[in-house]
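Before any comments, here is the structure.
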Amino acid sequence: MGKYIVAGNWKMNKLPSETYNYVKEVVEATKGSKCEVVCCTPFVCLAPAIEAAKGSHVKIGAENLHFEDKGAFTGEVSADMLRDMGVEYVIIGHSERRQYNNETDETVNLKTKKALEKGLIPIVCVGETLEQREAGITMDLIAIQIKKAFAGIPAADAKKVIIAYEPIWAIGTGKTATSDQAEEVCGGIRKVIAELYCEKCAPEFTIQYGGSMKPSNAAELMSKPDIDGGLIGGASLVAADFAAITKAVE
Ligand code: 13P
């Protein structure tokens, strides 16, 4: 299966002034982890995060980017700006951005292509609402999200994309998907990838689970064959908890 990656998504938390020390704490606490460790921070925290992670195993990511190269887009941040700072990862299409910031499958596709073009590793988020799950359309919906996100992306590039399955009803609610529910969808995503690209390369893709992942459930979730890591919200804000999740990969 894909390379294990545990990434924190800080969302709109932590101040720039707290970031340097906090990332230093994460670096210390996650030493020896058997997975790639990533902290995705607000734009204003990226500079101190990069400074603190310099020379360590911890990689830094952003939580969004714009799909245009440059120009009259007040308030936006481009892939080149992120790369210029030393950012390596970028979260794209998080459900909160789909809900509050008009992110669509189309903009997710444009942003994913731009990130790849500029050498950023995209973490593309997909997931269903509780209503969609109860209506029995989870996998149909996720298949559409995946197909649209990957439209026009050749196989060689596609493999660099990390997919994060985040059931919306499990985000910040304390309600984790059971490991079987999570595995069912992550396995389904791998089938869609096999269809889009090839049977043989599908196992090389990294598919994360996200949604109330914490030290107590991380090992069980990541023991599933199609779950190659986690995208961690709340628990990424406490270094010891985040580190415990990275250690759960073992
Ligand atoms: P929580 O871990 O807080 O549920 O958030 C998950 C998430 O949205 C990560 O992107």
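Atoms within each ligand, like the ligands themselves, are counted from 1 in listed order.
- Hydrophobic cluster membership of I123, counting Ile, Leu, Val, Met, Phe, Trp and Tyr whose side-chain heavy atoms lie under 4.5 Å apart directly or via other members: I5, V38, Y89, I91, I121, I162, L231.
- Judged by distance alone, with hydrogens and angles left aside, the side-chain atoms of R190 form a donor-acceptor pair with the main-chain N or O of D226 at under 3.5 Å.
- In this structure, W10 has its ring center no closer than 6.0 Å to that of F242.
- Pocket lining of ligand 1, defined as residues with a non-hydrogen atom under 4.0 Å away: N9, K11, H94, E166, A170, I171, G172, G211, S212, L231, G233, G234.
- Salt bridge annotation for R97-E103: present, with a cationic side-chain nitrogen under 4.0 angstrom from a carboxylate oxygen.
- Both the sub-6.0 Å distance and the 45° axial angle are satisfied by K14 relative to the ring of Y22.
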Let me see the working for E131 and W169 under side-chain hydrogen bond (donor to acceptor under 3.5 Å, both in side chains), right down to the final yes or no. CA-CA 9 Å; E131 293 70 38; W169 47 272; over 6 Å; no
